[in-house]
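Taking it in order: structure first as structure tokens, then the write-up.
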Amino acid sequence: MTEQQFIPQAYSNKVSQGTVSWESPSNIALIKYWGKKKDQIPENPSISFTLNACKTTTVLSYTKKEETSDFDFEVYLDGKHKPDFQPKIKTFFERVLVYLPFLKEFTFKIETSNTFPHSSGIASSASGMSALALCLMSLENQLQPEMTSEFFNQKASFLARLGSGSACRSIEGDLIVWGANTTVKGSSDLFGVKYTYAVHENFKSYQDTILLVDKGEKQVSSTVGHNLMHGHPFAAQRFAQAHDNLAALKPILESGDLEAFIALIESEALTLHAMMMTSMPYFILMKPNTLEVINKIWAFRKETGLHVGFTLDAGANVHVLYPKAEAEPILEFVKSELAVHCQNGQFICDEIGFGAKALINNK
Ligand code: DP6
């Protein structure tokens, strides 16, 4: 596929007004996307678990305008008008206009809500942008009913990527790869694809308990963070390493080797933070409690032999990952030992999910 293939022909149907709605989940990268080129093209491949509980629900209402004018939309979060969300969505609309030429022909109302608190430090961009992309695809599907569901999902992922890179991995589940590479056939820089190779039982229903170590505003926006990889002294090695790690992950996923899995994902997480520490300007995104948690996870793992590991995003929160079969003692450990390092003792229990769901009037 090329970008050109997502530019529609003249639409066959007319639509005057309606409402569509989707819920779309967040995702957690095992191999991290960090560094991008123009037009949200990733510098290296990434792979993620789609999540289940952390999600955004978006309702998109649309009315055809008398005349085509500039973009015309309002955004609401939990029922409250949010003019401050406007610029980000306007930028998104501008980026995708060539692929969705109807955008200036309608007045839109975008109503959105998240299952996780807005100020939890959990990024809502992956679930939010994917939910919006899916709603827009449902409208396009009404304008152009002859569309396969494969194309629908692919274009939704393609559009979501233009909103936020990691959002392209939230359309489907349970393991999604984004970024062209030689390990996963059919992989693309333009959209996420399902990981269709053998995956051992150990990884089915994998658990992700998200420790809210720091709920504050992000210290470094992801755009600034990605840009720090331009001219970074270790960039080339890092991008090559991500390809190697993806190749190494394939036999691990197949065999169910939990020790090797944990070593790989923890190394990925710490490498992401190492990139931030060795860029110019440099940042430390972990907090003292992040390190307390990591050390406790390592000690607990050594003592019990249980397969608990962690990953991090570009922030202080810790994702505690473990197989469902070991959930009981590990969750007990989270409650008794790790919750004290979370703000107000807060953590969110999530697990692998299977992607977005249509709620109203969709294909
Ligand atoms: C550390 O997708 O938030 O979570 O494309 O600028 O919106 P933009 O960045 P974003 O970056 C996410 C980076 C990460 C790793 C990952 O999810 O792969």
Side-chain angles (χ1 to χ4, degrees), residues 24-51 54 56 85 87-89 91-92 95-96 114 116 120-133 157-171 175-179 181 187 189-193 195 208 210 214 217-230 232 238-239 241-243 245-246 249 264-277 279 283-286 290 310-319 321 350:
S24 190
S26 184
N27 68 74
I28 180 68
L30 306 171
I31 294 178
K32 308 288 179 180
Y33 149 54
W34 200 242
K36 61 180 168 185
K37 302 179 217 170
K38 198 172 160 280
D39 296 330
Q40 304 275 97
I41 298 299
E43 290 277 13
N44 65 256
S46 56
I47 182 168
S48 52
F49 278 150
T50 302
L51 293 179
C54 290
T56 298
F85 282 20
K88 191 159 186 207
I89 295 189
T91 306
F92 172 61
R95 270 195 207 150
V96 299
N114 301 319
F116 45 91
S120 61
I122 298 186
S124 57
S125 64
S127 52
M129 282 299 174
S130 54
L132 180 57
S157 176
F158 172 86
L159 297 171
R161 182 196 103 240
L162 291 167
S164 176
S166 57
C168 78
R169 299 187 312 237
S170 277
I171 307 295
L175 270 163
I176 301 290
V177 176
W178 170 42
N181 66 84
S187 56
D189 283 345
L190 299 180
F191 46 80
V193 298
Y195 181 84
D208 179 4
I210 309 164
D214 182 29
E217 275 291 300
K218 267 195 182 175
Q219 198 192 117
V220 188
S221 77
S222 50
T223 300
V224 171
H226 287 289
N227 281 339
L228 291 172
M229 291 306 280
H230 295 306
H232 191 294
R238 162 58 198 155
F239 301 146
Q241 180 198 40
H243 284 269
N245 279 349
L246 189 56
L249 186 60
L264 193 141
I265 58 158
E266 290 189 348
S267 161
E268 270 289 320
L270 295 178
T271 299
L272 167 70
H273 282 253
M275 289 299 114
M276 292 300 282
M277 287 194 243
S279 59
F283 296 94
I284 300 180
L285 301 182
M286 292 187 215
T290 313
F310 69 86
T311 189
L312 308 164
D313 268 345
N317 292 337
V318 182
H319 289 248
L321 299 177
D350 209 337

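Computed from heavy atoms alone, side chains included, the values below leave out hydrogens, waters and symmetry copies. Start at 1 and go down the list; that is how both ligands and their atoms are numbered. Predicted model, so just to flag it, every value in this text is computed and none were measured.
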ask   = With only distance considered, is Lys36 within less than 3.5 Å of ligand 1 through an N or O on each side?
value = yes
inquiry  = Please check this pair: side chain of Asp214 against backbone of Asn317, looking for a donor-acceptor N/O pair closer than 3.5 Å.
reply    = no
inquiry  = Looking at Gly192, is its backbone amide N or carbonyl O close enough to the side chain of Ser157 to form a donor-acceptor pair, meaning the two atoms are under 3.5 Å apart?
reply    = yes
Qualifying residue, where the test is side chain to side chain contact (heavy atoms under 4.5 Å, CB included) with Leu51 and the options are Ser170, Ser26, Ser127 = Ser26
ask   = How far is atom 4 (O) of ligand 1 from its nearest protein heavy atom, and which residue and atom is that?
value = Asp313 OD1, 3.3 Å
query = What residues form a side chain to side chain donor-acceptor pair (under 3.5 Å) with Glu268, not counting sequence neighbours?
reply = Arg238, Asn245
ask   = Numbering the atoms of ligand 1 from 1, which are under 4.0 Å from a heavy atom of Leu272?
value = 1 (C)
key: Gly165: numbered ligand 1 atoms lying under 4.0 Å from its heavy atoms   = 2 (O), 5 (O), 7 (O), 8 (P)
Ring geometry between Trp178 and Tyr33 (parallel below 30°, tilted from 30 to 60°, perpendicular above 60°) = perpendicular
ask   = ligand 1 and Lys32, any nitrogen or oxygen pair closer than 3.5 angstrom?
value = no
ask   = Relative to the heavy atoms of Ala29, which atoms of ligand 1 are at a distance of less than 4.0 Å?
value = 16 (C), 17 (O), 18 (O)
request  = May I ask you to list the atoms of ligand 1 that are less than 4.0 angstrom from any heavy atom of Ala314?
outcome  = 1 (C)
request  = Would you give the length of the straight line joining atom CG of Leu30 to atom CD of Glu266, rounded to the nearest 0.5 angstrom?
outcome  = 12.0 Å
note = For Asp313, the salt bridge (charged side-chain N to carboxylate O under 4.0 Å, His left out) test, sequence neighbours excluded, returns Lys32
key: Nearest protein heavy atom with distance in Å, relative to atom 14 (C) of ligand 1   = Tyr33 O, 3.9 Å
key: Intermediate values then yes/no, side chain to side chain donor-acceptor pair (under 3.5 Å), Thr50 and Asn27   = CA-CA 4 Å; Thr50 302; Asn27 68 74; over 6 Å; no
query = For His226, is at least one N or O under 3.5 Å away from an N or O on ligand 1?
reply = yes
ask   = Polar-atom distance check: Arg169 versus ligand 1, any N or O pair below 3.5 Å?
value = yes
ask   = When you measure from atom 3 (O) of ligand 1 to every protein heavy atom, which one gives the shortest distance, and what is it?
value = Ser222 OG, 3.2 Å
task = Could you tell me the residue and atom name of the protein heavy atom closest to atom 7 (O) of ligand 1, and the distance to it rounded to 0.1 Å?
result = Ser164 OG, 2.6 Å
